[in-house]
Amino acid sequence: MPPATPELISPRSPRVAAARRLAKRNFRGKERLFLAEGPQAVREAAGHRAQGAATLVELFATLEAAERYADIVGEARDAGARVHLAAEQVIADISTTVTPQGLVGVCRFLDTPFEEVLAARPRLVALLANVRDPGNAGTVLRCADAAGAEAVVLTDASVDVYNPKAVRASVGSLFHLPVAVGVPVEQAVEGLRAAGVRVLAADGAGDRDLDDELDKGTMGGPTAWVFGNEAWGLPEETRALTDAVVRVPIHGKAESLNLATAAAVCLYASARAQRAAGGCRSVTGN
């Protein structure tokens with residue numbers, strides 16, 4: 001397949017250097033651009049538009065990857081992205097993975113203003129308060145997408161959702177639903193409650209049991225789940241902002257659930273309750 005532009009031989013090319021800098025948060029924020037690596041993420045980026053503009057602006061691909069994923073490269077060109085055929089060393093220098101898959105896209109930021117999230121009257125929201133691990137943030141975003149949530153909100157104390165690890169962990173879900181970033185937790189909770197959303201804190205020490213809440217039929221309305229820091233959970237002042245603090249019951253001998261697993265259980269519990277005509281009894285019991 002003939003190259004769209006001359007092959008980038010040297011990792012010292014200005015285009016390569018500009019893309020490589022996006023691995024750092026300060027450069028991402030300055031340029032409002034981020035990296036999407038691998039065929040799944042690039043495909044999703046190529047088909048995404050935000051504020052009327054194509055999200056994918058540039059694509060670097062090895063010759064082998066361009067041939068293997070010719071359909072994705074074609075979608076990128078159709079979206080108006082500039083496509084570069086690059087040497088494997090170039091891709092290795094841009095990529096943040098140990099074994100690059102030969103495709104790296106440069107994308108525009110796509111976060112949604114929090115006011116737009118509220119205006120859409122969401123029924124299911126994941127609110128990440130002080131989540132610091134990018135892999136966890138991306139995985140929770142993926143869980144929210146799978147559960148049918150209408151939005152994900154990251155507070156100003158949480159990790160950058162455009163961190164390459166977070167983008168990879170979302171496995172394309174970053175491009176599927178609105179994501180608001182940099183929202184103070186108090187503003188997030190107050191805004192969601194004013195929009196008619198019940199705000200629940202997920203915490204292993206919660207005074208309410210998720211199974212009990214499902215049994216009582218309280219989970220069918222619009223709900224936002226607040227997930228805290230991986231190591232120390234939610235501080236008391238954040239729990240106090242919410243309508244209830246709910247724990248996922250541990251029926252076996254496990255000491256606890258990790259953040260992403262607990263998020264999946266909570267989000268799916270709400271999703272099932274919201275879809276059930278007469279409510280549901282339990283998603284965690286046998």
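Ion pairing of R247 with D207 is absent here, as no side-chain N (NZ or NE/NH1/NH2) approaches a carboxylate O to less than 4.0 Å. Between R123 and E150 there is no salt bridge, since none of the side-chain N atoms of the basic residue sits less than 4.0 Å from a carboxylate O of the acidic one. Contact check on R121 versus E116 returns no salt bridge, with no Lys/Arg side-chain nitrogen under 4.0 Å from an Asp/Glu carboxylate oxygen. Salt bridge annotation for D111-R32: present, with a cationic side-chain nitrogen under 4.0 angstrom from a carboxylate oxygen. With respect to R239 and D203, a salt bridge is recorded, a charged nitrogen being found less than 4.0 Å from a carboxylate O. A salt bridge does not link R193 to E190: none of the charged nitrogens lies less than 4.0 Å from a carboxylate oxygen.
When side chains are defined from C-beta on, T242 does not count as touching L200, because their heavy atoms never get closer than 4.5 Å. Side-chain contact between R28 and F109 is present, with at least one heavy-atom pair separated by less than 4.5 Å. L210 has its side chain within reach of M219: a pair of non-hydrogen atoms, C-beta onward, lies under 4.5 Å apart. Here the side chains of D211 and H251 are in contact, with some heavy-atom distance below 4.5 Å. Residues V183 and D156 fail the side-chain proximity criterion, which asks for heavy atoms closer than 4.5 Å. Contact of the W225 side chain with the L127 side chain is not registered, since no non-hydrogen atoms from C-beta on lie closer than 4.5 Å. With contacts defined as side-chain heavy-atom distances shorter than 4.5 Å, the pair L103/Y69 qualifies.
The two residues D160 and A166 come nearest to each other via the heavy atoms O-CB, 4.1 Å. Looking at every heavy atom in both residues, C143 comes nearest to L267 through C-CD1, 4.2 Å. Between L234 and A129, the closest heavy-atom pair is CD2-CB, 4.1 Å. Nearest heavy-atom pair, R275 versus G148, reported as atom, atom and distance to 0.1 Å: NH2-CA, 4.2 Å. V73 and A66 make their closest contact through CG2-CA, 3.9 Å (heavy atoms, listed as atom of the first residue, atom of the second, distance). Contact record, F114 with Q187: CE2-O, 3.8 Å, taken as the closest heavy-atom pair.
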Distance-only donor-acceptor pairs under 3.5 Å for side chains of residues 130-141, two or more places apart:
unit_1: N130; atom_1: OD1; unit_2: R132; atom_2: NE; d: 2.7
unit_1: N130; atom_1: OD1; unit_2: R132; atom_2: NH2; d: 2.9
unit_1: R132; atom_1: NE; unit_2: A157; atom_2: O; d: 2.9
unit_1: D133; atom_1: OD2; unit_2: G135; atom_2: N; d: 3.0
unit_1: D133; atom_1: OD2; unit_2: N136; atom_2: N; d: 2.8
unit_1: N136; atom_1: ND2; unit_2: E230; atom_2: OE2; d: 3.3
unit_1: T139; atom_1: OG1; unit_2: G135; atom_2: O; d: 2.8

| side-chain contact (heavy atoms from CB on, under 4.5 Å) between V83 and F60, intermediate numbers included | CA-CA 6 Å; V83 178; F60 296 85; over 6 Å; no
| Stepwise, does the salt bridge (Lys or Arg N to Asp or Glu O under 4.0 Å) test hold for E213 with R198? | CA-CA 13 Å; E213 293 299 304; R198 185 184 185 215; 3.5 Å; yes
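Side chains of T62 and E88: no donor on one and acceptor on the other come within 3.5 Å. Checked by atom type, the side-chain pair T96/R168 shows a donor-acceptor distance below 3.5 Å.
Remark: T155 OG1 to F227 CZ distance equals 13.5 Å, nearest 0.5 Å. Within the model, atoms OH of Y162 and CG of L110 stand 4.0 Å from one another, a figure rounded to the nearest 0.5 Å. In this structure, F175 CZ and R49 CZ are separated by 14.5 Å, a value rounded to the nearest 0.5 Å. Taken from CZ in R20 to CZ in R15, the straight-line distance is 13.0 Å, to the nearest 0.5 Å. Rounded to the nearest 0.5 Å, atoms CZ (R43) and CG (L56) are 12.5 Å apart. In this structure, CD on E44 lies 9.0 Å from OG on S170, to the nearest 0.5 angstrom.
Legend: residues meeting salt bridge (charged side-chain N to carboxylate O under 4.0 Å, His left out) with D145, ordered by chain and number and at least two apart, are absent.
A side-chain contact (heavy atoms from CB on, under 4.5 Å) with L128 holds for exactly one of V185, V159, V152; it is V152. Exactly one of T99, D93, T97 qualifies for a side chain to side chain donor-acceptor pair (under 3.5 Å) with S95. That residue is T97. A side-chain contact (heavy atoms from CB on, under 4.5 Å) with L118 holds for exactly one of V153, V125, L192; it is L192.
E237 CD: more than 12 foreign heavy atoms inside a 6.0 Å radius.
A cation-pi arrangement is present between R21 and F27 under the rule of less than 6.0 angstrom and at most 45 degrees off the ring axis.
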